Participant: 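Got a structure here, written out as structure tokens. Questions coming.
To find a chain, count down the sequence lines: A is the first, B the second, and so on, and within it residues start at 1. Computed from a prediction, not measured in an experiment: that's the story for all the values here.
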Amino acid sequence: MAVHNEDVAAAFDEMADLLAIQGENPFRIRAYRRAAQVVRTLPRDLAELGDERRLDELPGIGADLAGKIAELRATGRLRALETLRRRVPPGLRALLSLPGLGPVRVRTLKARLGIRCIEDLDRALSAGRLGSLKGFGSGIESRLRSALADKVARGAQRMSWPIAAEYAEPLRAYLQSIPGVTRAEIAGSYRRGRDTVGDLDLLVSSRSGASAIRALRQYEDLRELTAAGTTKASGVLRNGLQVDVRVVAPQSFGTALHYFTGSRDHNIHIRRRAQTRGCKLNEYGLFRGKRRVAGATEEELFAALDLTWIPPELREDRGEIEAAERHALPELIERRDLQGDLHAHTDASDGREPLAKLVAAARSRRLRYLAITDHSKYLGVVGGLDAARLARQIDAIDALNEKLSDLVVLKGAEVDILEDGQLALPDSILRRLDVVVVSVHSQFGLSEARQTTRVLRALERPCVSILAHPTGRLLGERPPYAINFERVLQAARERPCYLEINGQPKRLDPEDVHVKSARDHGVLLSIASDAHSGAEFAFLDNGIRQARRGWVTKEDVINTRPVVELRALLRKTMR
DNA sequence: GCCGTTTTCGGCCCGACTGTTTTCAGTCG
């Protein structure tokens, strides 16, 4: 039985929760949580990392946890976890996710009222039995009631970054407009450019926190304010998105922005670094004794710690601090580096605009080239092109190019990879194209072995330029399909062909750690909008963000090249 | 449970808000 990173991470997370409910040493609990995080975001499968000795080289994993990983891999079980489950009713874990309930109160509920799961808690609340308990006032009771009431509705759903942006930017502008506010920035996972955002963290610079927070109450999109002090407030927007606002004085803005941007693991690492240098770092500044040595800007904070300024997208404690110390951070790609887009659809398949209109939109965005990659005719996609229709589109594009001087239209197709690894169009027509994008649109549930074989077979075909949206996930709808990404990368490098970073808000595929892994393997990338209308060329921004989180530079991306160099790279993929 | 340019033991990031607290524990980020 194959044990994957996520299985290990889930087991460690459960260990941490159950140990917390038992009242264990908080640092031991944190060690499990940190290990879960490290394993979860590992770019490669643990199975390929080899023996225990290699495992304990991972940060946060020592001899004991390496042994537990080995045990899970060998037996599929973890005796320590099973022992804990016998001692702590597993239903108690779910209680930890409710607001106001931490390990201490959960333990009280179990000890005093015999509550072992959410349903027990619901009944106890209805019967009014909580009021008698120490530490459970009417405030907590009402918060629990409402949390249980809309637990299903709200859930812990994270929102795709581009959707969150529609709420974050107006709120930022509103805060910026409050009298006395000199600056307002969105921090948190949004500023780090994560593919999904769980809540919005905003930082405000003002000498009067109280008045800024009073003004926040008036924000029209705010449903309720759940907590409000003089420097900090939390609330919920009408769409259910959680918002945290923090106010600091200008001389603290840099350290506060850094602190509020996170990630948590990055912050802890940076604060340890400050400590070992005899300093203390908090959101108000970097202090040596009582003297503030940095605070107003992030730049002075990093400089004071002998680090290059680290772009927010890299702040995940995945080696960026070590790289900044060596002044060896990558120079991350920017939107203006892109010269064209290699994945777009017209109304010949499922796009919404005709060829001419899409090309006009690309020109107005100053793209130098655009590949038209309509779907092949296959199940699932209405109106996909067969070889005859594709041949007619090829002629139409040749004619269009005659009339264009500032943009080159590249002839392409997005060809389905069939279940057996064959392509949905014959090589004879694919040879006439400039770029062949291949992708999986069916049979997402195959086993990892079969899915991997399927894609590897497709990559053996003579005409394959780019593997599009390589894991098939749809945020909030469909998980990535099971595939051995490592083997796909090896095949892509040897072949060669390129890997797409898809900028559709629902896809953002592949995820950041896989992007970084591709870069580490020397596989070149294509940043694509997958546009289905001219307006969707804006999705290139999403692809850039995803690329930056994977440490990608301009040199790692094929569509930063002028068209002549790009064509040379594409020819290398055709046999 | 992890980890080490003071340390193989004794630390482990740090502060705001809430509630029930007459001085602080619990939770959260």
Participant: Roughly how many Å apart are B/dT6 and B/dG11, using the C1' atom of each and rounding to a whole number?
Facilitator: 13 Å

Participant: Which nucleotide wins on minimum distance to the side chain of A/L65, given the candidates B/dG1, B/dC17, B/dG26?
Facilitator: B/dG1

Participant: A/R105 has a side chain; which of B/dG26, B/dG1, B/dG15 sits nearest to it?
Facilitator: B/dG26

Participant: Taking only residues at least two apart or on different chains, which pairs with a member in residues 172-206 of chain A satisfy ring-ring contact (aromatic ring centres under 6.0 Å, His included)?
Facilitator: A/W161-A/Y190, A/Y174-A/Y219

Participant: I need the CD-P distance between A/Q242 and B/dT27, as an integer number of Å.
Facilitator: 17 Å

Participant: If you measure from the P atom in B/dG15 to the same atom in B/dG10, how many Å do you get, rounded?
Facilitator: 25 Å

Participant: Ring centroids only, cut at 6.0 angstrom: are A/H514 and A/H521 within range, meaning strictly under it?
Facilitator: no

Participant: What is the separation between atom CG on A/L130 and atom C1' on B/dG19, rounded to the nearest whole Å?
Facilitator: 14 Å

Participant: Given atom CZ of A/R273 and atom P of B/dC3, what is their separation to the nearest angstrom?
Facilitator: 18 Å

Participant: List the residues meeting salt bridge (charged side-chain N to carboxylate O under 4.0 Å, His left out) with A/R273, not counting sequence neighbours, and say none if there are none.
Facilitator: A/E325

Participant: Using whole Å, what does the distance between atom C1' of nucleotide B/dT27 and atom CG of A/D244 come to?
Facilitator: 13 Å

Participant: Send over the distance from A/I21 CD1 to B/dT27 C1', rounded to a whole Å.
Facilitator: 15 Å

Participant: Would you say that A/D17 contacts A/R33 through its side chain, given a criterion of any heavy-atom pair below 4.5 Å between the two side chains?
Facilitator: yes

Participant: Classify the nucleic acid contact of A/P103 as base, sugar-phosphate or nothing, counting any heavy atom under 4.0 Å across all strands shown.
Facilitator: sugar-phosphate

Participant: Go nucleotide by nucleotide along DNA chain B from the 5' end; which of A/D199 and A/K232 gets its closest nucleotide reached first?
Facilitator: A/K232

Participant: Are A/K68 and B/dG1 close enough that a side-chain N or O sits under 4.0 Å from OP1 or OP2?
Facilitator: yes

Participant: Please identify each residue that fulfils side chain to side chain donor-acceptor pair (under 3.5 Å) with A/E141, with sequence neighbours left out.
Facilitator: A/R145

Participant: Does A/K68 have any side chain to side chain donor-acceptor pair (under 3.5 Å) partners at least two apart in sequence or in another chain, and if so, which?
Facilitator: A/Y32, A/D64

Participant: Using atom types as modelled, flag every donor-acceptor pair under 3.5 Å from a side chain in residues 22-29 of chain A to any protein atom, sequence neighbours excluded.
Facilitator:
unit_1 : atom_1 : unit_2 : atom_2 : d
A/E24  : OE2    : A/R28  : NH1    : 2.7
A/N25  : OD1    : A/F27  : N      : 2.9

Participant: How would you label the contact of A/A233 with the nucleic acid (heavy atoms, under 4.0 Å): base, sugar-phosphate, or nothing?
Facilitator: nothing

Participant: Starting from the 5' end of DNA chain B, give me the residue, A/T276 or A/G102, whose nearest nucleotide shows up first.
Facilitator: A/T276

Participant: Please confirm whether the shortest side-chain N or O distance from A/T231 to OP1 or OP2 of B/dC17 is below 4.0 Å.
Facilitator: yes

Participant: Can you check the A/L144 CG to B/dG26 C1' distance for me, whole Å?
Facilitator: 14 Å

Participant: Distance between the C1' atoms of B/dC14 and B/dC9, in whole angstroms?
Facilitator: 24 Å

Participant: Could you state the atom-to-atom distance from CD of A/Q37 to C1' of B/dG29 in whole Å?
Facilitator: 14 Å

Participant: Taking all heavy atoms of A/R519 and all of A/V552, pick out the closest pair and write down the distance.
Facilitator: CD-CA, 3.9 Å

Participant: Which pair of heavy atoms, one from A/Y284 and one from A/T255, lies closest together, and at what distance?
Facilitator: C-OG1, 3.5 Å

Participant: Expressed in whole Å, how much space separates the P atoms belonging to B/dC13 and B/dG4?
Facilitator: 14 Å

Participant: Could you tell me how far B/dC28 sits from B/dT22 if I compare only their C1' atoms? Round to whole Å.
Facilitator: 25 Å

Participant: Rounded to the nearest Å, what distance is computed from the CG atom of residue A/D265 to the C1' atom of nucleotide B/dC14?
Facilitator: 15 Å

Participant: State the pairing partner of B/dT8; accept Watson-Crick or G-U wobble contacts with both distances under 3.5 Å, and report none otherwise.
Facilitator: none

Participant: Look at all strands and tell whether A/L101 reaches a base, only sugar-phosphate, or nothing, counting heavy atoms closer than 4.0 Å.
Facilitator: sugar-phosphate

Participant: For nucleotides 11-13 of chain B, which of its nitrogen or oxygen atoms have a protein nitrogen or oxygen under 3.5 Å away, and what is each distance?
Facilitator:
unit_1 : atom_1 : unit_2 : atom_2 : d
B/dC13 : OP1    : A/R30  : NH1    : 2.3
B/dC13 : OP1    : A/R30  : NH2    : 3.0
B/dC13 : OP2    : A/R30  : NH1    : 3.2
B/dC13 : O2     : A/R271 : NH1    : 2.4
B/dC13 : N4     : A/R264 : NH2    : 3.4

Participant: Provide the distance between the two C1' atoms, one in B/dA25 and one in B/dT21, to the nearest whole Å.
Facilitator: 8 Å

Participant: Rounding to an integer number of angstrom, what distance separates B/dT7 and B/dC12 when you compare their C1' atoms?
Facilitator: 13 Å

